[in-house]
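Side chains included, hydrogens not; waters and symmetry mates left out as well; all remaining heavy atoms used.
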Amino acid sequence: MTDPSFLDHPPLTERVNAYDEAHLGLYLRLLVADEEGADWREVVAVLFGVDPVREPLRAKAVHDRHLARARWMTEAGFQHLLQPRLQ
């Protein structure tokens, strides 16, 4: 399952943003794959549809930046999901 709507660089904001909310499932899959020791090249190919052989620098950056954002969600971002929304 690839997600054609991903950005190479997830938006880095101090609060959870619409991109984060739309990609929570992707973040969870990245975290599980990392925890299980999956090869990042396979993960980026399956989840993002980026070929790590043809685009090694882009593939590594996409994987690492999204994984970093996923980790941020587990450390701080989740708290924002629990707070009332500002309209």
Side-chain angles (χ1 to χ4, degrees):
M1 178 191 94
T2 61
D3 181 357
S5 66
F6 76 90
L7 301 172
D8 283 7
H9 308 272
L12 301 180
T13 56
E14 293 183 20
R15 295 189 57 85
V16 173
N17 57 54
Y19 185 88
D20 294 327
E21 290 177 354
H23 293 84
L24 285 175
L26 177 70
Y27 291 166
L28 289 173
R29 292 183 73 188
L30 281 166
L31 291 167
V32 168
D34 185 61
E35 180 67 25
E36 292 179 350
D39 185 308
W40 72 268
R41 291 172 286 266
E42 182 179 346
V43 173
V44 78
V46 171
L47 295 183
F48 296 94
V50 178
D51 184 341
V53 174
R54 293 175 65 184
E55 299 181 273
L57 296 177
R58 177 178 178 234
K60 184 67 171 151
V62 166
H63 175 270
D64 290 354
R65 290 178 178 133
H66 281 82
L67 181 57
R69 189 64 177 181
R71 287 181 177 144
W72 174 83
M73 288 289 291
T74 67
E75 297 162 2
F78 76 93
Q79 296 172 13
H80 302 287
L81 296 174
L82 303 174
Q83 297 172 352
R85 298 219 183 257
L86 300 175
Q87 297 293 333

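- Taking each heavy atom of Leu31 and Arg71 in turn, the nearest pair found is CD2-CG, 3.9 Å.
- Here the closest heavy-atom approach between residue Trp72 and residue Val16 is recorded as CH2-N, 3.8 Å.
- Legend: residues meeting salt bridge (Lys or Arg N to Asp or Glu O under 4.0 Å) with Asp51, ordered by chain and number and at least two apart, are absent.
- Cluster annotation: Met73 and Leu12 are assigned to distinct hydrophobic clusters (Ile/Leu/Val/Met/Phe/Trp/Tyr, side-chain heavy-atom contacts under 4.5 Å, transitive).
- Rounding to the nearest 0.5 angstrom, the gap separating the CZ atom in Phe6 from the CZ atom in Arg65 is 12.0 Å.
- A distance of 11.0 Å separates CG in Leu47 from NE2 in His23, rounded to the nearest 0.5 Å.
- The two residues Ala45 and Pro52 come nearest to each other via the heavy atoms CB-CD, 4.2 Å.
- Side-chain atoms of Asp34 never come within 3.5 Å of backbone atoms of Leu67 as a donor-acceptor pair (strictly under, hydrogens ignored).
- For the residue pair Arg15 and Arg69, the shortest heavy atom distance occurs at O-NH2, 3.4 Å.
- Taking a 6.0 Å sphere around CD of Glu42, one finds it holds 12 or fewer heavy atoms contributed by other residues, nucleotides or ligands.
- Nearest heavy atom pair, residue Thr13 against residue Asn17, reads OG1-ND2, 2.9 Å.
- Ring pair His63/Trp40 is tilted by interplanar angle, where 30° to 60° counts as tilted.
- Classified by interplanar angle (parallel below 30°, tilted 30° to 60°, perpendicular above 60°), the ring pair His66/Tyr19 is tilted.
- If you chain together hydrophobic residues whose side chains sit under 4.5 Å apart, Leu30 and Leu7 fall into the same group.
- The hydrophobic cluster containing Tyr27 does not contain Val32, counting ILVMFWY residues as joined when their side-chain heavy atoms lie under 4.5 angstrom apart, directly or transitively.
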